[in-house]
Structure formats: C-alpha cells, structure tokens
Number of protein chains: 2
Amino acid sequence: MSKDLCHCILLRKASRRVSSYYDEALAPLGVNIAQFSLLRNINRMAPVSLTDLAARVELDRSTVGRNAKVLERMGLVEIRPGKDQREATLLVSAPGKAILLEGAPLWDRAQADIETRLGADGAGRLRDLLAAL
Amino acid sequence: MSKDLCHCILLRKASRRVSSYYDEALAPLGVNIAQFSLLRNINRMAPVSLTDLAARVELDRSTVGRNAKVLERMGLVEIRPGKDQREATLLVSAPGKAILLEGAPLWDRAQADIETRLGADGAGRLRDLLAAL
DNA sequence: CGGAATCATGGGTATATACCCGCGAAATGA
DNA sequence: TCATTTCGCGGGTATATACCCATGATTCCG
C-alpha cells in the first residue's frame, strides 16, 4: 500500500490546510485561528492562570505564555499578577472583547464551510475519530 | 452547542498529540516524524529540487529549505547544486539511508497502534475525511 | 519558626511553519 | 546579442510549539 498514508502526516497536512482556511477567514481582524481560539478560552476562564489555561488548551505552559504575550502586545489581553505572586492571571481587554464579537460570525462561516465540505455526518464522525487519537 | 468544537482546533490538537506519539516512537533514531517523513520523500524523489519537494509535501519552499538544512547538519541529507545553477538538489546520505531502514519498523508500529486506536475501518474513514479538507 | 519540597512563571534553545524580498541564474523575445 | 522576464533559493521576520533549567513564591513539616 502507498507509503504516503502516514496517519500523522495526513493529519499534519490537514491541520495546516484547515488552519490556513480559518486564518484567512479571520484575517480582517488581524488574528489567526490559534490566537482567536486562545482569546476565546481566556475569555471563558478569565481570570485564569497560565497553568490552568495550558491544561485547558492542551499546550505546553511556556507555549501558552509566549502566545499570550503576543496577544498582550496586540492589546487584546492583559497579564497581571494574581493574589498568589507566582501566578500571572490573564484576562481579555476591551479591544479583545471587540475582536471576539467581530470574529464570531467569521468563525461561524468558516466552521459552516468545513461542515459543508465534510458532508452531513462527516463533521461528527471526524470529531469522534479525532477524539479517539 | 459547545463552542469547543472548532474543527480546526480539534485537528490541531489531534495533530500535536499524534505527532508526539510518532516522535516518541522514532526518538531512538534522533529524528522526529516530520524529519523522518521528509527524509523518506527525499529518498523517493532523489535527486530532487527544493521546489519539487515542497510541492510534494505541501509545504512552503522556504520551510522545506530550512528543514532540509537541519537534516543536512545531522548528516542525513546532502545538498548540492544541480545542473541548473539555481537549483539545490537533495539526496539522502548513507547514514540517512540507515535511518530510513532502522526507522521503518518503528514507524510501522506507531502506524499500527494508531489504526488499532481508530478501529477497523476508522483509519480509512479518517483518511477520507482528511482528504476532503 | 526555618529548611525542604513544591509550584508558577520566564527565558534559552531548537524545530516547524509561512510570508515577503532580494539576488543571481536562466529563458525568452525583439 | 541584449534587455526583460521568469525562476530557484536564501535570509529576514514572526508565530507556534516543546523541553529544560533558573528563579522566586508558597506551602509543609519537623
């Protein structure tokens, strides 16, 4: 059988393609899908520590720290010390909330497009398969 | 509906998890799945230009160039000018071929593990769904 | 209370990835 | 042949991602 069918490589390719698709949809906002998703998660959990956020989004703590710093530079997120002086707590700024509102319909459209491309129950089946990995 | 089900984010997460799984499987060789896969592609197409290789693996030319340079530093790939003086042609070195041989069974096992986790026809369905994206 | 273990973050380093730009090489057409 | 266009690559810059280690804060015992 063809050796091109490495599940991992197929996943990585699909991930790049789909990310790029969402990125284009969100481009008018100046954020990519990774940033938009992180912003949403911060908003839901705010005020949240890096550690908790990292656990939620399944990324390394240091990765979340650096990604959050980018959002901070963009003015979308505020990073301030928590009661525990070790903690950096994150919250979405007013401009960040505006981005979330403006982005919602753009994200919805990309999401719907993908579902169309996957067919009626394709999206659900894909979700289940990915969850099994 | 839960807003956690962004197809893109689910794909990215799965891609990270699965990549990490293959990376661990290949760790004894000192290469990760991206490098191993690139090495395989270079081997199949050798001697190959960066542009052709990039088209094959669906990555940006500059990305392939940098990734290939890492493989070169590792001594697994040779980069030499082609007849066309603009071209850099890639080929797998002897140590690189050894890595391909040693890696094959490790890759096979990871691949089989994933198929087990996906179930009988899960792998096929996943492949089809990813191809639709 | 004070030393030890634990915990949160940050920074260093490295790869993966993409976009843009400039340079030198090659092809093309007048 | 020579100017123009096209082509292939490398480098700059930026984000995404992970691992390891240092540092400083907190907690936990003895």
Side-chain angles (χ1 to χ4, degrees), chain A residues 8-9 11-24 26-27 30-39 41 47-55 57-74 76-77 79-90, chain B residues 8-9 11-24 26-27 30-39 41 47-55 57-74 76-77 79-90:
Chain A
C8 183
I9 295 301
L11 259 173
R12 290 170 69 96
K13 281 185 189 173
S15 174
R16 290 196 301 265
R17 279 197 303 270
V18 174
S19 292
S20 150
Y21 188 75
Y22 279 74
D23 285 352
E24 277 176 43
L26 296 172
V31 297
N32 62 32
I33 182 60
Q35 295 165 337
F36 187 71
S37 174
L38 188 60
L39 197 58
N41 277 289
V48 62
S49 75
L50 283 182
T51 297
D52 290 349
L53 182 58
V57 300
E58 292 176 45
L59 284 171
D60 189 84
R61 257 195 323 249
S62 68
T63 298
V64 171
R66 288 173 220 265
N67 292 358
K69 199 149 291 186
V70 173
L71 292 176
E72 189 194 28
R73 270 204 303 279
M74 291 176 173
L76 307 182
V77 157
I79 306 182
R80 47 178 74 159
K83 290 177 184 171
D84 184 330
Q85 288 307 112
R86 290 172 299 183
E87 254 182 33
T89 60
L90 307 177
Chain B
C8 183
I9 296 300
L11 258 173
R12 291 170 68 97
K13 280 185 188 173
S15 173
R16 291 197 299 268
R17 278 197 303 269
V18 174
S19 292
S20 150
Y21 189 75
Y22 279 74
D23 285 352
E24 277 177 43
L26 296 172
V31 298
N32 62 33
I33 182 61
Q35 295 166 337
F36 187 71
S37 174
L38 188 61
L39 197 59
N41 277 289
V48 61
S49 75
L50 282 182
T51 297
D52 290 348
L53 182 59
V57 300
E58 292 176 47
L59 284 171
D60 189 85
R61 257 198 322 255
S62 69
T63 298
V64 171
R66 288 174 219 264
N67 292 358
K69 197 149 292 185
V70 173
L71 293 176
E72 189 195 28
R73 272 205 302 279
M74 291 177 174
L76 307 181
V77 157
I79 306 183
R80 45 178 76 160
K83 289 177 185 171
D84 185 330
Q85 288 307 112
R86 290 172 298 185
E87 254 182 33
T89 59
L90 307 178

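Note that the structure is predicted; figures quoted are calculated from it, not measured. Letters go in sequence order (proteins before strands), and every chain restarts at 1. Quick note: numbers below take in every heavy atom, side chains included, and nothing from hydrogens, waters or symmetry partners.
If you find the closest nucleotide of DNA chain C to B:T63 and to B:V70, the one lying nearer the 5' end belongs to B:V70.
B:S20 contributes no side-chain N or O that, together with a main-chain N or O of B:R16, makes up a donor-acceptor pair within less than 3.5 Å. Counting only distance, with no hydrogens or angles, the side chain of A:E24 and the backbone of A:Y21 share no donor-acceptor pair below 3.5 Å. Side-chain atoms of A:S15 never come within 3.5 Å of backbone atoms of A:L11 as a donor-acceptor pair (strictly under, hydrogens ignored).
The span of DNA chain D lying next to chain A, judged by atoms under 4.0 Å from heavy atoms, is bounded 5' to 3' by D:dT15 to D:dT26.
Here the options are B:E87, B:R86, B:R61, the test is side-chain contact (heavy atoms from CB on, under 4.5 Å), and the partner is B:S49; only B:E87 passes. When each of A:D52, A:L90, A:V64, A:V57 is paired with A:N41, the side-chain contact (heavy atoms from CB on, under 4.5 Å) condition holds for A:V57 and for no other.
Here the straight-line distance linking atom CZ of B:R17 with atom CD of A:E58 works out to 5.5 Å at 0.5 Å rounding.
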Quiz item: Is there a side-chain contact (heavy atoms from CB on, under 4.5 Å) between A:I33 and A:V18 once you walk through the steps?
Solution: CA-CA 10 Å; A:I33 182 60; A:V18 174; over 6 Å; no
Practice problem: List the steps and the verdict of side-chain contact (heavy atoms from CB on, under 4.5 Å) for A:V31 and A:L76. | Solution: CA-CA 10 Å; A:V31 297; A:L76 307 182; 3.8 Å; yes
Show me the protein contacts with nucleotides 4-11 of chain C, counting only N or O atoms at under 3.5 Å.
{"unit_1": "C:dC7", "atom_1": "O4'", "unit_2": "A:R86", "atom_2": "NH1", "d": "3.4"}
{"unit_1": "C:dC7", "atom_1": "O2", "unit_2": "A:R86", "atom_2": "NH1", "d": "3.0"}
{"unit_1": "C:dT9", "atom_1": "OP1", "unit_2": "A:L50", "atom_2": "N", "d": "2.9"}
{"unit_1": "C:dT9", "atom_1": "OP1", "unit_2": "A:A88", "atom_2": "N", "d": "3.3"}
{"unit_1": "C:dT9", "atom_1": "OP1", "unit_2": "A:A88", "atom_2": "O", "d": "3.3"}
{"unit_1": "C:dT9", "atom_1": "OP2", "unit_2": "A:T51", "atom_2": "N", "d": "2.8"}
{"unit_1": "C:dT9", "atom_1": "OP2", "unit_2": "A:T51", "atom_2": "OG1", "d": "2.3"}
{"unit_1": "C:dG11", "atom_1": "N7", "unit_2": "A:R66", "atom_2": "NH2", "d": "3.3"}

